[in-house]
Amino acid sequence: MVPVLAGAGSVAAVTAPGWPDDAVALEALQDRLAAQRPPPWRPAGEPLVAAVAAADGGAGLVAAAVLARGPRVLAGTTVTGPAPGPYAPSLLALREGPLLAAAVAALGRRPDVLLVAAAGRDHPRRAGLALHLGAALDLPSAGVTDRPLVAVGPEPGPARGDTAPLLAVGEEVARAVRTAPGVRPVVASAGWRTDPATAAALVLSTTAGVRLPEPLRAARRRAREAR
DNA sequence: GCGACAG
DNA sequence: ATCTTGTCGC
């Protein structure tokens with residue numbers, strides 16, 4: 001657990017969640033994170049986005065983070081570390097959480113919002129890695145995935161910008177987003193202090209012609225090339 | 001060629 | 001996430 005000051009002049013401090021190293025502790029933390037409803041965040045103008053992604057390296061893991069304004073990538077970093085364990089569905093944070101957090105810290109500049117290659121609220125316990133990372137770093141966050149983890153919903157229309165709600169247990173937790181004509185929709189998952197609409201808007205504002213947001217593509221490429 | 005897509 | 005071969009299309 002890393003203590004984080006709530007803000008200049010404030011007396012109270014909030015305790016940011018850390019990165020548990022076993023499934024039981026992580027599941028308990030996910031339950032607690034999902035129950036919290038911190039003040040929603042909305043982009044003011046064109047936010048400074050940090051996108052993060054991880055790749056499996058021979059030795060362990062490599063995580064990359066890039067800074068971007070819309071689809072324009074400004075800078076990036078890469079960090080390497082051992083793989084804490086094998087991948088398990090709904091427990092991705094166990095494996096990638098600490099290293100992704102380190103990659104964001106290594107940027108040396110605090111973004112306005114995080115775009116994470118992982119699920120957010122679209123999760124069995126409503127707190128996937130995208131949401132968790134935002135809470136841990138005290139930054140608004142949204143998730144982007146190829147397909148839903150648990151949520152279901154209709155196909156969006158064929159035009160870029162068309163969206164359709166993705167629901168889990170009656171709640172809209174994500175949005176299917178058509179980022180370009182003729183491509184399969186991506187899932188924009190609500191995260192820490194973001195709702196599905198904000199996540200979808202963020203995905204669209206960082207996408208330029210191809211299916212995935214440019215900052216995410218850049219982060220993935222960096223991570224892969226650093227292997 | 002680069003990106004999407006099957007599996 | 002990764003591997004890998006091939007087809008289609010701009």
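Note that these values count all heavy atoms, side chains included, but never hydrogens, waters or copies made by symmetry.
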Roughly how many Å is it from [atom1] in [X] to [atom2] in [N], rounded to a whole number?
X        : N     : atom1 : atom2 : result
A:Arg220 : B:dG3 : CZ    : C1'   : 14 Å
A:Arg160 : B:dA4 : CZ    : P     : 13 Å
A:Leu212 : B:dC5 : CG    : P     : 10 Å
A:Glu214 : B:dC2 : CD    : P     : 15 Å
A:Arg178 : B:dA4 : CZ    : C1'   : 13 Å
A:Arg147 : B:dG7 : CZ    : P     : 14 Å
A:Arg221 : C:dT2 : CZ    : C1'   : 18 Å
A:Asp146 : B:dA6 : CG    : P     : 12 Å

Flag side-chain contact, heavy atom, 4.5 Å: [X] against [Y]:
X        : Y        : result
A:Ser189 : A:Val144 : no
A:Val150 : A:His123 : no
A:Glu172 : A:Arg121 : no

Phosphate-side-chain proximity, A:Arg227 and C:dA1, N/O vs OP1/OP2 below 4.0 Å: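 No, outside the criterion.
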Check: A:His132 ring centroid to A:Trp192 ring centroid under 6.0 Å: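 No: the rings miss the under 6.0 Å criterion.
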Sugar-phosphate only, base, or nothing, as touched by A:Arg95 at under 4.0 Å among non-hydrogen atoms: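 The answer is nothing, as A:Arg95 stays clear of every strand by at least 4.0 Å.
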Nearest-nucleotide pick for A:Arg211, side chain only, options being B:dG3, C:dT2, B:dC5: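 Given the options B:dG3, C:dT2, B:dC5, the side chain of A:Arg211 is closest to B:dC5.
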